[in-house]
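Treat the numbers as computed from the prediction; the structure is a model and nothing was measured.
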Amino acid sequence: MRVFIAIEFEQPIKDYLNRIQKQIMSYSTDGNFSRPENFHLTLKFIGEVEPSFLGNITAAMAQAVQGIKPFKLGLHSLGNFPRGNKMIIWMGVCGELDALNLLFNQLETSLSDIGIAKDTRGYSPHITLGREVRLAVPFSKVASAIAADPYQIIEVRKISLMESTRQEGRLMYIPLYRQPLAD
């Protein structure tokens, strides 16, 4: 199984991100755009694991959320990771980033205790909107034309263990387990 740990979004956030994505598409000549139902904020990509190992991961998730109360994030601005003449376009987050980074660091520690390597690149929280995107205009023009709504709030109350799989040729992210944050 191919798995990762993420913050899932409520439908209004997914709908809003889909509207942003459609604006980006209007500036694009090509791209592989995320399906709106798949929008999420990745905390940790794990990769391939045996199903028998999932219990270890869920136990590590329970340990990682100790002392972390629900918190709020907002949507910040568009960014990109260049890949030759294509790019990954993403939406950044703002808000209670100290809580998000604490959650990430505690998750890294508890997962490393069960043999999952820590990320050496550091955490760069973002919501992927499109991959292999080619724009008809410079990215700076797209970023300045599309501003995030500061009233779109992501309530972080749980983290989810997700399976990445293909069903009928479509990429699907299926929640396997949800761990509430400490109340």
### Task
Would you name the heavy atoms of A147 and Y16 that are closest together and state the gap between them?
O-OH, 3.6 Å
### Query
Do you know the tightest heavy-atom contact between R157 and P70?
NH1-CB, 4.1 Å
### Message
Less than 6.0 angstrom separating the ring centers of F39 and F9, yes or no?
### Response
no
### Query
Going hydrophobic residue to hydrophobic residue with side-chain gaps under 4.5 angstrom, can you get from M61 over to I114?
yes
### Query
Under 4.5 Å between any side-chain heavy atoms of L73 and L41, yes or no?
yes
### Query
Is V133 reachable from W90 through a run of I, L, V, M, F, W or Y residues, each pair having side-chain heavy atoms under 4.5 Å apart?
no
### Task
Determine which pairs satisfy side chain to side chain donor-acceptor pair (under 3.5 Å) with at least one residue from residues 43-61, sequence neighbours left out, and list them in order.
K44-E108
### Summary
The complete set of side chain to side chain donor-acceptor pair (under 3.5 Å) pairs with one or both residues in residues 143-152, sequence neighbours excluded, reads D149-Q152
### Query
Would a 4.5 Å heavy-atom cut-off, applied to side chains only, mark L78 and I24 as touching?
yes
## Note on the structure
Looking only at heavy atoms, the pair that brings Q66 and A62 closest together is NE2-O, 2.9 Å
### Task
Using a cut-off of 6.0 Å, state whether more than 12 heavy atoms not belonging to N85 lie near its atom CG.
yes
### Query
Does any pair with a residue in residues 160-173 pass side chain to side chain donor-acceptor pair (under 3.5 Å), and if so which ones, sequence neighbours excluded?
E8-S160
### Task
Output the distance between atom OH (Y123) and atom CG (N105), rounded to the nearest 0.5 Å.
10.5 Å
### Parallel, tilted or perpendicular: ring planes of F4 versus H40, cut at 30 and 60 degrees
tilted
#### Entry: Value rounded to 0.5 Å, distance of CG in L97 from CG in L103
12.0 Å
#### Entry: Side-chain heavy atoms of L54 within contact of M1, under 4.5 Å
yes
### Message
So T109 and K118, do their side chains get closer than 4.5 Å, heavy atoms only?
### Response
yes
### Task
Output the distance between atom CD1 (I127) and atom CD (Q21), rounded to the nearest 0.5 Å.
11.5 Å
### Message
With rounding to the nearest 0.5 angstrom, report the CD1 to CD1 distance, I116 to I46.
### Response
4.0 Å
### Residue Q11 excluded, over 12 heavy atoms near CD under 6.0 Å
yes
### Message
Just so I know, are the side chains of L75 and I20 near enough to count as touching, which here means a heavy-atom distance under 4.5 Å?
### Response
no
### Task
Heavy atoms only: give me the nearest I68-L181 pair and the separation to one decimal.
O-CB, 3.4 Å
### Message
To check you understand the geometry: which heavy-atom pair defines the closest contact between P180 and K158, and what is its length?
### Response
CA-CB, 3.9 Å
### Query
Does V156 share a hydrophobic cluster with L102, counting links as ILVMFWY side-chain heavy atoms below 4.5 Å and allowing steps through other members?
yes
### Query
Are I57 and V3 side-chain neighbours, meaning at least one heavy-atom pair lies under 4.5 Å?
yes
### Query
Do L17 and M25 belong together in a cluster built from hydrophobic side chains that touch within less than 4.5 Å?
yes
### Message
For residues I13 and F33: do they belong to one hydrophobic cluster (side chain heavy atoms under 4.5 Å, members Ile, Leu, Val, Met, Phe, Trp, Tyr)?
### Response
yes
### Query
Can you tell me how far NZ of K14 sits from CZ of R35, rounded to the nearest 0.5 angstrom?
10.5 Å
### Query
Heavy-atom distance under 4.5 Å between the side chains of L135 and M87, does that happen here?
yes
### Message
Just verifying a value: how many Å separate L161 CG and L176 CG, rounded to the nearest 0.5 Å?
### Response
5.0 Å
### Task
State, to 0.1 Å, how close S110 and A64 come at their nearest heavy-atom pair, and which atoms those are.
OG-CB, 3.4 Å
### Task
Determine whether R131 and S34 make a side-chain contact, defined as any pair of heavy atoms from C-beta on separated by less than 4.5 Å.
yes
